[in-house]
Amino acid sequence: MKKVLIPTKLDKIVAKILTEAGFEVVQIPVTPEKGVAELAKENSDAEVVIVRSEKVPAEVIDLLPNLKLVVRAGAGFDNIDTKYARSKNIDVMNTPGANSNGVAEEVVALALAAYRKVVPADISTREGKWEKSKFLGREITGKTVGILGLGHIGRLLVKRLSGFEVTFLGYDPFLSEEKAREIGVTLAPLEKIFAEADIISLHIPENDATRGLVNNKYLSLMKQGAMLINCARSGIINEDDLRAIKAEKELIFCNDVYKKDAEGPKSVADIADVMLPHLGANTKEANFQAAKRAAEETVAYFKDGDTSCVVN
Ligand code: NAD
Ligand code: MLT
C-alpha cells in the first residue's frame, strides 16, 4: 500500500479519496515543534507528499528514499525544489486553477477596501469618530486595469471585474493576441500598462524571470494615485523601489504575500494600505477544490499514468 504524507491542513476530502483508492494516508499538519523534515523522518517510507505552501527542499526529499511524487495543492510551486526532485526522478505536480477563484475575489475585495478606505474608516467610526471627508473614496467603475499574468487567476479576474465596465490591459508573453482578445484583454508592453493603468494586479509565478520584475523602471511610470495589488508572490516586487516612490506618486499598495508565511513583523507594513496573511486561496471552497484535485491527480498518476499536471 503506497503511503501519502500530508503535512498540512487540507480538506478531509483528500484523505477520503486517497483512502478509498487504497492509499495509506498520514495527515499531520506541521507545527512549530514538528516541521516537514521531522514528519518525513517519521514517515520515510512515504511515496507521495502533498503540501500547500510548506517547503519541500532537497533536504526533505533526501529523507524520503521511496518518494515518487510531490503534489502542491495549489498553484505556485516555488516552495518545492523542483530541479532537485527532477534530478531524483521525482515528479512534482500542482493543481492548476483549483484555488483561482478565491484569489480573483480577494483582488476585488482588496481593491474596494483600499479605494473606499474600509479598514481605517471602520476603526475610526468604531471609536465614535465621524470623519467622512477623511475617507473620501474612489470607484473601480470605468478604470483601466492592468493584469500581469493571464493564466487561471488573471482570466478569472477579468471575468470578476467585468461588471465594473473597466478597460483591461494585459501582459503575458505566453498568450496570443487572439486569445487575449477572446477574453477581453488588450495585450500591451509593461511600459504601457504601468503608465496607463489605474489598478495593476500581479498574477505571475515567482521565478528567475519574474523576481524583482516590478521595480523602479516600471513603478516610476505609474499614474499619480494608481494602485498595485500583489496576490502572487512577494519576490516579484522590488520592495525598496516601491517604498522609495510610493509617497511621491501617492500609490496605493495592497498585499497578500510575504517572504515567509509566519507570524512576526512584515517588511511591507509601512507601505501597504491593505495587507492580508496570504488569504487568497484561504476559503472553504478553494481548500476543498485544491484538496480534491490533489487527491484525484495522485490517484490518476499511479492508476492511469496521468502526468498532465507535472510541472518539472
Ligand atoms: P497560472 O500558471 O495559471 O498563470 C500564470 C500566468 O503567468 C500564465 O499565463 C503564464 O503564461 C504567465 N507568466 C509566466 N511567466 C510570466 C512572465 N515572466 N511575465 C508575464 N506572465 C508570465 O497560475 P495562477 O493559478 O494564475 O497563479 C499565478 C500565481 O499566483 C502563482 O504562481 C502563485 O504564485 C500565485 N498564487 C497566489 C495565491 C494566493 O493565495 N495569494 C493563490 C494561488 C496562486
Ligand atoms: C498558491 O500558490 O496556490 C497559493 O499561494 C495558495 C496557498 O499557498 O495558500
Side-chain angles (χ1 to χ4, degrees), residues 6-14 29-32 50-55 72-80 94-123 140 145 147-149 151-161 164 199-206 214 227-237 239 242 252-294:
I6 308 176
T8 188
K9 288 177 186 153
L10 269 181
D11 189 285
K12 60 185 183 303
I13 189 67
V14 67
V30 295
T31 61
I50 300 179
V51 294
R52 277 185 60 181
S53 46
E54 292 77 14
K55 302 224 182 295
R72 201 281 192 230
F77 44 83
D78 45 294
N79 53 315
I80 300 163
N94 69 346
T95 60
N99 61 18
S100 304
N101 189 62
V103 185
E105 290 193 4
E106 182 191 46
V107 171
V108 179
L110 284 167
L112 287 169
Y115 261 179
R116 304 305 295 269
K117 303 176 183 173
V118 168
V119 174
D122 174 278
I123 292 167
I140 296 177
V145 176
I147 302 177
L148 274 60
H152 288 90
I153 297 172
R155 297 180 197 195
L156 260 182
L157 181 60
V158 170
K159 287 184 180 176
R160 300 295 175 257
L161 278 175
F164 290 95
I199 299 171
I200 295 172
S201 194
L202 310 180
H203 299 293
I204 57 181
E206 180 177 340
V214 178
M227 182 187 300
L228 177 64
I229 303 174
N230 190 6
C231 295
R233 287 293 185 268
S234 62
I236 296 166
I237 295 176
E239 195 181 298
L242 177 57
I252 301 169
F253 176 47
C254 302
N255 189 64
D256 186 47
V257 286
Y258 307 86
K259 291 181 183 63
K260 191 176 178 189
D261 276 12
E263 64 184 74
K266 297 292 175 288
S267 59
V268 296
D270 64 319
I271 54 174
D273 296 271
V274 186
M275 54 192 286
L276 300 176
H278 204 153
L279 296 185
N282 198 48
T283 65
K284 283 186 177 180
E285 296 86 350
N287 195 310
F288 177 83
Q289 288 302 329
K292 181 171 181 285
R293 283 277 303 284

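Between the side chain of T95 and the main chain of G74, a donor-acceptor pair closer than 3.5 Å is present. Within the 3.5 Å criterion, the main-chain N or O of V51 finds no donor-acceptor partner in the side chain of T8. The backbone N or O of K55 lies less than 3.5 Å from no partner atom in the side chain of N79, so there is not a single donor-acceptor pair.
When every heavy atom of E106 is checked against every heavy atom of C231, the shortest pair comes out as OE1-SG, 3.2 Å. For the pair P205 and I236, the tightest heavy-atom approach, listed with the atom from each and the gap, is O-CD1, 4.0 Å. Closest of all the heavy-atom pairs between A73 and I50 is CB-CG2, 4.3 Å. In terms of heavy atoms, H152 sits closest to S100 at CB-OG, 3.1 Å. Heavy-atom minimum distance, L279 versus D256: N-OD1, 2.6 Å. Taking all atoms of both residues into account, the shortest heavy-atom contact from A114 to M227 is CB-CE, 3.9 Å.
Looking at heavy atoms from C-beta onward, L202 lies in side-chain contact with L228 at the 4.5 angstrom threshold. Annotation: side chain of L112 is not in contact with side chain of V118 (no heavy-atom distance under 4.5 Å). The closest side-chain heavy-atom distance from H203 to V107 is below 4.5 Å. At least one side-chain heavy atom of V108 sits under 4.5 Å from a side-chain heavy atom of L157. With a 4.5 Å cut-off on side-chain heavy atoms, L242 and V268 do not count as touching. At least one side-chain heavy atom of F253 sits under 4.5 Å from a side-chain heavy atom of I237.
The distance from the CD1 atom of I271 to the CD1 atom of I252 is 14.0 Å, given to the nearest 0.5 Å. The distance from the CD atom of E206 to the CG atom of D78 is 6.0 Å, given to the nearest 0.5 Å. Distance CD1/I147 to CZ/R155: 11.0 Å, rounded to 0.5 Å. In this structure, CD1 on I204 lies 11.5 Å from CD1 on I153, to the nearest 0.5 angstrom. Atom CZ of residue R52 and atom NZ of residue K9 lie 9.5 Å apart, to the nearest 0.5 angstrom. Distance check, rounded to the nearest 0.5 Å: OG of S234 to CG of N255 gives 7.5 Å.
Heavy-atom contacts from other residues, nucleotides or ligands closer than 6.0 Å to CZ of R160 number more than 12.
For residues 283-292, the side chain to side chain donor-acceptor pair (under 3.5 Å) pairs, not counting sequence neighbours, are K292-E296. Residue pairs meeting the side chain to side chain donor-acceptor pair (under 3.5 Å) criterion with at least one member in residues 264-279, sequence neighbours excluded: E239-S267, R243-D270, K246-D273, D261-H278.
Listed by chain and number, the residues in a salt bridge (charged side-chain N to carboxylate O under 4.0 Å, His left out) with R293 are E297 (sequence neighbours excluded).
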